[in-house]
There are 2 protein chains.
Amino acid sequence: MIISPRLERLRDAGYKLTTARATVLGVIETHEGHMTSAEILDEVSKRDSSIGRASVFRTLDLLTRLAIIRPTYTSGSATPTYVLMPDGHHHHIVCVQCHQTIEFEDCGLGVLSERLEAEFGVKLTGHLLEFYGVCGDCSEAGVVDDEG
Amino acid sequence: MIISPRLERLRDAGYKLTTARATVLGVIETHEGHMTSAEILDEVSKRDSSIGRASVFRTLDLLTRLAIIRPTYTSGSATPTYVLMPDGHHHHIVCVQCHQTIEFEDCGLGVLSERLEAEFGVKLTGHLLEFYGVCGDCSEAGVVDDEG
DNA sequence: ATCCGTATTGAGACATGGTATCATTTAACC
DNA sequence: GGTTAAATGATACCATGTCTCAATACGGAT
């Protein structure tokens, strides 16, 4: 079993390091990007077919609670995708036409984060920032947008 | 049918103003907060029992594409909640323990938004900012957090 | 107000995504 | 190695969302 720094965060939080958990996290870490639950199930199954469906979902839930991954919607109400938040945060732009995601790094939210912690008495461990709009390709393709 | 400014955005974008759409949006606007699809279906049905399930989901999808609402997760991999983005944006803090959400207003993301538009050649219409952490109540209740 | 063309609808069967249960296994600690 | 509680896997189950298609109703023109 490969014990990544993120996997150790499980143990630090009082959870056991099991094969199922290591495999699920391994799959997501290897892929680095958005994955649907179906893709994760499929890849986990390839690596270790003895791992059950339920454990995969349980692990996704656990990783979400620890802010290691985050489920987000790239298309309307359909299947969510799970994305790794290596340093507790993630930022992307979602094209509302073609559902492509563009990821970017700096968000400058550290200051806001600290202010919110003080203001609301919370302890923040991560964040997700999503912008919505129309990507360059879709704009060129001629898209409905008569606001201006 | 009540025609709210947001409903007019549908027509502006080339979509018809139907009873189903007006009702779904009306429900969400009245509620002002996070709603699950089940709650929306239920409330829509109360207001007009002739509106079908499929239309509700189709409308949620449409409103999402127009950045009028946004589906987000407050708990792990379970049901998403839909939240209104009155001015195209929304910000909240989610407690990873009790799933309570705390909403806040200013995010100061206008500058970043403009920079991203220039940098990636996109036209942005809205954004969602989510912070994750442990709320005051849960911290007091004694929560696992041994990072420091 | 009425007519027309087309986007949208409602119904319900269907597909998919996620969960509960419970006997069995396994990680963590000694 | 032994102990114990957390975690697992199998599977049945439930919830959430989608597809199809004939029927309907919106919006524009008259």
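Reminder, nothing fancy here: chain letters follow the sequence lines and each chain counts from 1. As a basis for the values below, the full set of heavy atoms in this structure was taken, side chains included, without hydrogen atoms, waters or symmetry mates.
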Counting distance only, does the side-chain N/O of E117(A) pair as donor-acceptor with the main-chain N or O of L124(A) below 3.5 Å?
yes
Phosphate contact ([N] OP1 or OP2) by [X] side-chain N/O below 4.0 Å:
X: S50(A); N: dT8(D); result: no
X: S37(B); N: dA15(D); result: no
X: T19(B); N: dC26(D); result: yes

Can you figure out which of [options] approaches the side chain of [X] most closely?
X: Y82(A); options: dG18(C), dT9(C), dT8(D); result: dG18(C)
X: T18(A); options: dT8(C), dG9(D), dA27(C); result: dA27(C)
X: F57(A); options: dT16(D), dT19(C), dG9(D); result: dT19(C)
X: P80(B); options: dG9(D), dG17(D), dG5(C); result: dG17(D)
X: A38(B); options: dG5(C), dT16(D), dT8(D); result: dT16(D)

Take the protein atom [atom1] of [X] and the nucleotide atom [atom2] of [N], then report the distance between them rounded to whole Å.
X: L60(B); N: dA15(D); atom1: CG; atom2: C1'; result: 15 Å
X: Y73(B); N: dG17(C); atom1: OH; atom2: P; result: 11 Å
X: D61(A); N: dA7(D); atom1: CG; atom2: P; result: 13 Å
X: L17(A); N: dA27(C); atom1: CG; atom2: P; result: 10 Å
X: L41(A); N: dA15(C); atom1: CG; atom2: P; result: 19 Å
X: L7(A); N: dA27(C); atom1: CG; atom2: P; result: 12 Å
X: R11(A); N: dA27(C); atom1: CZ; atom2: C1'; result: 10 Å
X: R21(B); N: dA25(D); atom1: CZ; atom2: P; result: 15 Å

Run the salt bridge (charged side-chain N to carboxylate O under 4.0 Å, His left out) test against R58(A) and tell me which residues pass, sequence neighbours left out.
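Partners of R58(A) by the salt bridge (charged side-chain N to carboxylate O under 4.0 Å, His left out) criterion come out as none, since no residue qualifies.
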Classify the nucleic acid contact of [X] as base, sugar-phosphate or nothing, counting any heavy atom under 4.0 Å across all strands shown.
X: R58(B); answer: base
X: R53(A); answer: base
X: A54(B); answer: base

Please report the C-alpha distance between H90(B) and H127(B) in whole Å, then the side-chain angles of each, then the deciding distance to 0.1 Å, and finally whether the side-chain hydrogen bond (donor to acceptor under 3.5 Å, both in side chains) criterion is met.
CA-CA 7 Å; H90(B) 184 80; H127(B) 63 256; over 6 Å; no
Cluster link L62(B) to L60(B), ILVMFWY, side chain under 4.5 Å
yes
Strictly by modelled atom types, are H92(A) and E130(A) linked by a side-chain donor-acceptor pair under 3.5 Å?
yes
